[in-house]
Amino acid sequence: MKTRFSTIDLRAVLAELNASLIGMRVNNVYDVDNKTYLIRLQKPDFKATLLLESGIRIHTTEFEWPKNMMPSSFAMKCRKHLKSRRLVSAKQLGVDRIVDFQFGSDEAAYHLIIELYDRGNIVLTDYEYLILNILRFRTDESDDVKFAVRERYPVDHARAAEPFSFHNVLEGKIGHRSECELSHKKILCLLGYIIQKREIKPSLEVDKPTEDIFTYEEFHPFLFSQHSQCPYIEFESFDKAVDEFYSKIEGQKIDLKALQQEKQALKKLDNVRKDHENRLEALQQAQEIDKLKGELIEMNLQIVDRAIQVVRSALANQIDWTEIGLIVKEAQAQGDPVANAIKELKLQTNHVTMLLRNPYLLSEEEDDDVDGDLSVEKNETEAPKGRKKKQKNKQLQKPQKNRPLLVDVDLMLNLSMNCRFEKFLWFISSENYLIIGGRDQQQNEIIVKRYLTTGDIYVHADLHGATSCVIKNPTGEPIPPRTLTEAGTMALCYSAAWDARVITSAWWVYHHQVSKTAPTGEYLTTGSFMIRGKKNFLPPSYLMMGFSFLFKVDESCVWRHRGERKVRVQDEDMETLASCTSELISEEMDQLGSLQILINPTPFLKDYLFVRERERTLFYLYELKSAGSNKEEKGKKGKKGKTKDEPVKKQPQKPRGGPRASDSIKKETPSLEAVSPELQDLAANDPHDDKENLFDSLTGQPHPEDVLLFAIPICAPYTTMTNYKYKVKLTPGVQKKGKAAKTALNSFMHSKEATAREKDLFRSVKDTDLSRNIPGKVKVSAPNLLNVKRK
């Protein structure tokens with residue numbers, strides 16, 4: 001777009017100004033802005049307004065331009081010297097784009113000089129060109145001239161024009177009027193032209209046609225040959241054409257900007273539409289392929305299952321991945337059908353690529369060529385995912401069902417506990433108790449209604465968002481204090497206390513104290529329960545969780561890890577002593593005095609826990625001995641099934657919050673020394689773990705000789721991970737869960753103690769499983785963690 005006058009434009013407009021404005025007197029001078037000025041001229045029968053814009057243009061105008069309320073100092077100076085004086089001449093200085101307007105004559109003359117090049121300038125001088133005021137002060141270092149007040153304006157420095165130069169330039173450019181004899185006078189009296197640019201305004205409506213919008217692009221005193229094919233507007237004079245151009249260009253710029261924005265919006269809309277169509281087409285094609293792959297898996301289910309079993313067995317025996325590939329190749333060379341179906345092992349992602357075909361559509365024309373692009377990581381359960389969008393998509397040509405396809409079969413080597421609690425928050429306590437918690441209110445409701453059974457303990461905290469925890473207790477034995485504390489830590493960490501970094505206490509109650517029945521006139525929302533009776537508050541818990549891995553070991557290796565998690569009571573274990581329930585402390589405070597307990601609780605609690613633990617162990621050993629000697633005592637039983645030499649004893653009642661100091665062991669209980677060594681060894685293990693269960697095969701302390709089947713990411717109170725091989729500490733922080741999990745995994749992978757098998761199992765865990773149980777934004781802490789990050 002043309003923005004300022006050229007030399008040709010200047011010559012054309014000066015010719016018109018000399019013809020129309022010479023002899024008119026100055027009525028007033030106004031300023032539009034700091035570089036644009038209006039000079040009102042008049043004579044008895046005619047008025048005109050001359051517009052001067054420094055560095056841009058000069059022409060008369062018929063439009064009303066906004067004027068400043070307070071005239072500038074330059075405008076005031078021009079009013080003082082030019083008002084009531086006649087315009088004597090308007091000429092160009094040499095061939096430079098400099099115009100000299102002379103007002104008045106002889107020694108009373110004043111000159112207003114306008115520079116239309118570079119940054120432009122407007123200068124007011126007297127009759128000797130001595131500068132009276134100047135719009136922009138500057139220094140011309142090349143000519144050693146200073147443009148400032150009381151300096152002389154260098155009129156003589158203007159370049160002189162060559163004879164007929166302007167006439168020759170014009171004659172060369174006006175190609176389509178070459179047939180006319182253009183004298184210099186005729187050329188200067190030609191019409192004005194505005195060259196336009198056509199813009200197409202798109203329509204949002206389909207039936208509505210597009211609209212053409214014409215905007216001003218250039219102005220010229222002549223219609224040059226290069227513009228003859230463009231749309232243009234013709235004016236009776238060049239001065240009027242320029243006035244029209246500059247008067248409308250600002251408004252057209254705004255309209256053009258709005259048009260461009262509309263075009264961009266429509267373009268984005270069109271791109272979105274095309275992208276949506278492409279996505280739908282790709283989705284439907286993938287749907288058809290996935291459907292075919294699912295059908296092929298069903299048709300070849302026996303081969304697929306056999307391949308999965310073979311690879312799983314090799315991995316369980318810790319065979320190297322490369323060696324597994326060699327074994328498959330050897331089997332293929334021997335013509336094994338299962339091995340021939342295996343085309344690629346993707347053990348780093350738990351997948352095996354198999355070449356499957358429809359056994360019912362085989363023909364002689366069937367080709368063995370396989371399109372590698374058809375390989376997708378889908379198994380039988382994932383194949384129907386795209387069926388929901390089938391109704392929205394148009395039908396495409398289905399793939400040929402008699403062609404072999406590459407199908408990625410998931411080995412499913414990740415978390416495979418076959419446990420009902422995988423969908424919840426869960427961990428195994430330091431004493432081998434399973435603790436589960438809800439991720440939301442709906443899961444809290446499910447946990448209490450389905451899984452809170454007789455003997456279990458319910459743990460919660462009076463905080464927004466706190467999870468409902470259930471300690472599973474199938475044996476009915478009293479829950480150890482450490483496990484209660486760890487469950488309380490879990491309830492607090494999965495609540496608003498984590499983000500607020502508030503240290504408070506959780507509480508626990510028995511299963512029969514939790515009810516969904518609300519008092520009359522009240523309503524319990526989802527995940528809310530009525531607690532009847534006394535709440536047993538736990539000591540305040542630190543917001544400290546741990547992230548680690550549990551390893552599933554083979555059945556042949558379970559014996560190495562028996563007893564890793566069991567009830568421990570040591571005299572030096574102050575943390576365990578401080579974890580006694582509030583019910584116990586409150587009862588003993590009534591008997592011994594609150595002041596003594598609060599000041600020095602250690603001696604009483606140590607003796608108390610030692611005695612009660614000894615009583616529990618002796619009672620358990622007695623039961624074991626009685627059960628083992630049943631065969632010998634059969635002949636001594638009376639009619640009612642009682643042993644003659646055995647005194648009648650009552651079954652001990654289960655304590656309601658833990659052992660009490662007032663309880664005493666029965667006289668019939670044998671002493672610890674009277675029990676055989678085999679039973680003493682058996683008693684050293686977990687008292688309530690009298691048979692092997694799933695937890696015995698999960699360990700955080702893998703042995704170098706263990707056969708590891710898979711690894712399970714675990715997030716639990718940090719105190720449960722004291723002896724774990726891999727662990728990091730999680731506290732409230734600013735790092736997101738996913739990044740924190742990757743940071744921890746990277747630390748484990750770079751551990752010097754990590755074996756190749758353990759690293760392989762780490763890689764097999766999905767990213768979503770890594771971070772799903774982390775409470776929120778965290779800070780990861782571990783020894784040498786900074787060095788691992790640098791590496």
Side-chain angles (χ1 to χ4, degrees), residues 5 7 9-32 34-43 48-61 71-140 143-161 239:
F5 271 28
T7 302
D9 300 333
L10 187 58
R11 291 297 299 270
V13 78
L14 284 178
E16 295 183 358
L17 294 181
N18 279 303
S20 60
L21 301 182
I22 298 299
M24 299 182 69
R25 293 182 181 274
V26 177
N27 183 28
N28 211 340
V29 180
Y30 306 95
D31 57 324
V32 177
N34 59 349
K35 58 185 299 186
T36 307
Y37 295 85
L38 299 174
I39 301 178
R40 289 283 178 87
L41 302 168
Q42 66 178 14
K43 58 183 180 180
T49 301
L50 179 63
L51 186 145
L52 312 173
E53 185 174 0
S54 174
I56 303 296
R57 53 178 171 148
I58 56 172
H59 59 84
T60 61
T61 179
S72 62
S73 59
F74 188 82
M76 293 298 292
K77 195 72 172 179
C78 291
R79 288 181 182 182
K80 177 180 178 181
H81 296 287
L82 302 183
K83 202 169 183 179
S84 301
R85 297 188 185 275
R86 293 180 182 273
L87 177 59
V88 176
S89 66
K91 62 181 179 179
Q92 180 181 5
L93 299 182
V95 294
D96 292 339
R97 282 177 290 170
I98 303 175
V99 179
D100 180 9
F101 288 97
Q102 181 180 341
F103 297 89
S105 56
D106 301 331
E107 295 182 358
Y110 291 92
H111 296 268
L112 193 62
I113 302 172
I114 295 92
E115 297 177 354
L116 299 179
Y117 62 90
D118 195 22
R119 295 171 59 187
N121 209 346
I122 301 179
V123 183
L124 178 65
T125 70
D126 62 5
Y127 71 101
E128 293 180 340
Y129 290 96
L130 187 67
I131 298 176
L132 302 177
N133 204 352
I134 188 170
L135 195 64
R136 184 172 64 88
F137 299 93
R138 63 185 180 88
T139 301
D140 191 345
D143 296 334
D144 194 20
V145 176
K146 184 181 293 185
F147 293 84
V149 177
R150 298 181 182 178
E151 297 288 339
R152 188 177 182 279
Y153 189 85
V155 181
D156 51 343
H157 287 195
R159 292 177 298 172
D239 186 52

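Starting from 1, each residue takes its place in the sequence as its number. Just so you know, these numbers use all the heavy atoms, side chains as well, and skip hydrogens, waters and symmetry mates. For clarity, every value in this text was computed on a predicted model and none was experimentally measured.
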If you take all heavy atoms of [X] and [Y], which pair is closest and at what distance?
X      : Y      : value
Gly94  : Ala158 : N-CB, 4.2 Å
Arg152 : Asp156 : NH1-OD1, 4.3 Å
Pro154 : Val145 : CG-CG1, 3.7 Å
Met24  : Ala48  : CE-N, 4.0 Å
Ile22  : Asn18  : CG1-O, 3.1 Å
Gly120 : Ser54  : C-OG, 3.0 Å

[atom1]-[atom2] distance between [X] and [Y], expressed to the nearest 0.5 angstrom:
X      : Y      : atom1 : atom2 : result
Arg136 : Glu115 : CZ    : CD    : 7.0 Å
Glu53  : Ile114 : CD    : CD1   : 12.0 Å
Tyr110 : Thr125 : OH    : OG1   : 10.0 Å
His59  : Asp9   : NE2   : CG    : 11.0 Å
Phe101 : Ile58  : CZ    : CD1   : 4.0 Å

Ignoring hydrogens and angles, write down the donor-acceptor pairs under 3.5 Å from the side chains of residues 35-42, residues two or more places apart or on other chains.
unit_1, atom_1, unit_2, atom_2, d
Thr36, OG1, Asp33, OD1, 2.9
Thr36, OG1, Asp33, OD2, 3.4
Arg40, NE, Thr49, OG1, 3.2

Side-chain donor-acceptor contacts of residues 127-134 below 3.5 Å, not counting sequence neighbours, with atom names and distances?
unit_1, atom_1, unit_2, atom_2, d
Tyr129, OH, Asp100, OD2, 2.7
Tyr129, OH, His111, ND1, 3.4

Side chain Gln102, main chain Gly104, donor-acceptor under 3.5 Å
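Side chain of Gln102 to backbone of Gly104, a donor-acceptor pair under 3.5 Å: yes, one is there.
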
For the backbone of Phe5 and the side chain of Arg97, can you confirm whether one donor and one acceptor N or O come within less than 3.5 Å of each other?
yes

Taking the cut-offs as 6.0 angstrom to the six-membered ring centre and 45 degrees off its axis, would you call Arg79 and Tyr30 a cation-pi pair?
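Relative to the ring axis of Tyr30, which defines the angle, Arg79 lies inside both limits.
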
Can you give each donor-acceptor pair under 3.5 Å made by side-chain atoms of residues 81-89, sequence neighbours left out, with the distance rounded to 0.1 Å?
unit_1, atom_1, unit_2, atom_2, d
Arg85, NE, His81, O, 2.7
Arg85, NH1, Ala108, O, 3.0
Arg86, NH1, Gly23, O, 2.9

Residue pair [X] / [Y], side-chain heavy-atom distance below 4.5 Å:
X      : Y      : answer
Tyr153 : Ile98  : yes
Gln92  : Thr7   : yes
Val149 : Phe137 : yes
Phe74  : Asp31  : no

